Amino acid sequence: MRVKCVICDKIESLPGDSFQAKRLRNRPIHTFMCKECEDRISARTQERIATGNFRLYKPKDEEDDW
């Protein structure tokens, strides 16, 4: 299966019977990122977390009385 990275438009090939290929075929909301883009994003995220100015805003859980 040929896939295209959503960030850098690099075309790669995935085995057709792999889990990632199945997920991309069956659920169009999932997108593919090449390993280089994925590593770059994770490294920059870790750098931002290390500065102390990075916050993750988690949704507030509403308690249901039912």
Side-chain angles (χ1 to χ4, degrees):
M1 176 178 187
R2 292 179 60 196
V3 291
K4 187 176 186 181
C5 177
V6 296
I7 296 175
C8 66
D9 295 333
K10 179 180 174 184
I11 296 176
E12 291 187 5
S13 181
L14 289 177
D17 58 347
S18 69
F19 173 72
Q20 191 174 20
K22 182 178 179 181
R23 186 175 65 180
L24 289 169
R25 273 195 306 271
N26 293 335
R27 298 187 182 116
I29 191 72
H30 292 284
T31 56
F32 176 77
M33 264 196 305
C34 64
K35 189 67 176 162
E36 292 84 17
C37 290
E38 188 176 330
D39 292 340
R40 185 179 71 240
I41 288 173
S42 63
R44 289 190 179 175
T45 302
Q46 293 302 322
E47 289 173 5
R48 288 187 3 236
I49 289 173
T51 62
N53 294 331
F54 183 75
R55 292 187 198 164
L56 286 176
Y57 294 100
K58 296 180 183 178
K60 295 181 181 178
D61 293 332
E62 294 181 15
E63 294 184 24
D64 193 11
D65 293 335
W66 294 98

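Worth saying up front: this structure is predicted, and the values here are computed from it rather than measured. Below, all heavy atoms of this structure are taken into account, side chains as well, without hydrogens, waters or symmetry copies.
- Under the rule for a side chain to side chain contact (heavy atoms under 4.5 Å, CB included), P59 has no partner lying at least two apart in sequence or in another chain.
- We find the CD1-SG distance between I11 and C34 to be 12.0 Å, quoted to the nearest 0.5 Å.
- Contacts classified as salt bridge (charged side-chain N to carboxylate O under 4.0 Å, His left out) and involving residues 47-56 (residues at least two apart or in different chains) are not found.
- The hydrophobic cluster containing M1, built from Ile/Leu/Val/Met/Phe/Trp/Tyr side-chain heavy atoms closer than 4.5 Å, also comprises V3, L14, L24, F32.
- The salt bridge (charged side-chain N to carboxylate O under 4.0 Å, His left out) search around K10 returns E12, E36, not counting sequence neighbours.
- For the side chain to side chain contact (heavy atoms under 4.5 Å, CB included) test, residues two or more places apart in sequence or in another chain that qualify with I7 are C5, M33, C37, R40, I41.
- Here salt bridge (charged side-chain N to carboxylate O under 4.0 Å, His left out) pairs that include residues 14-35, with residues two or more places apart or in two chains, are K35-D39.
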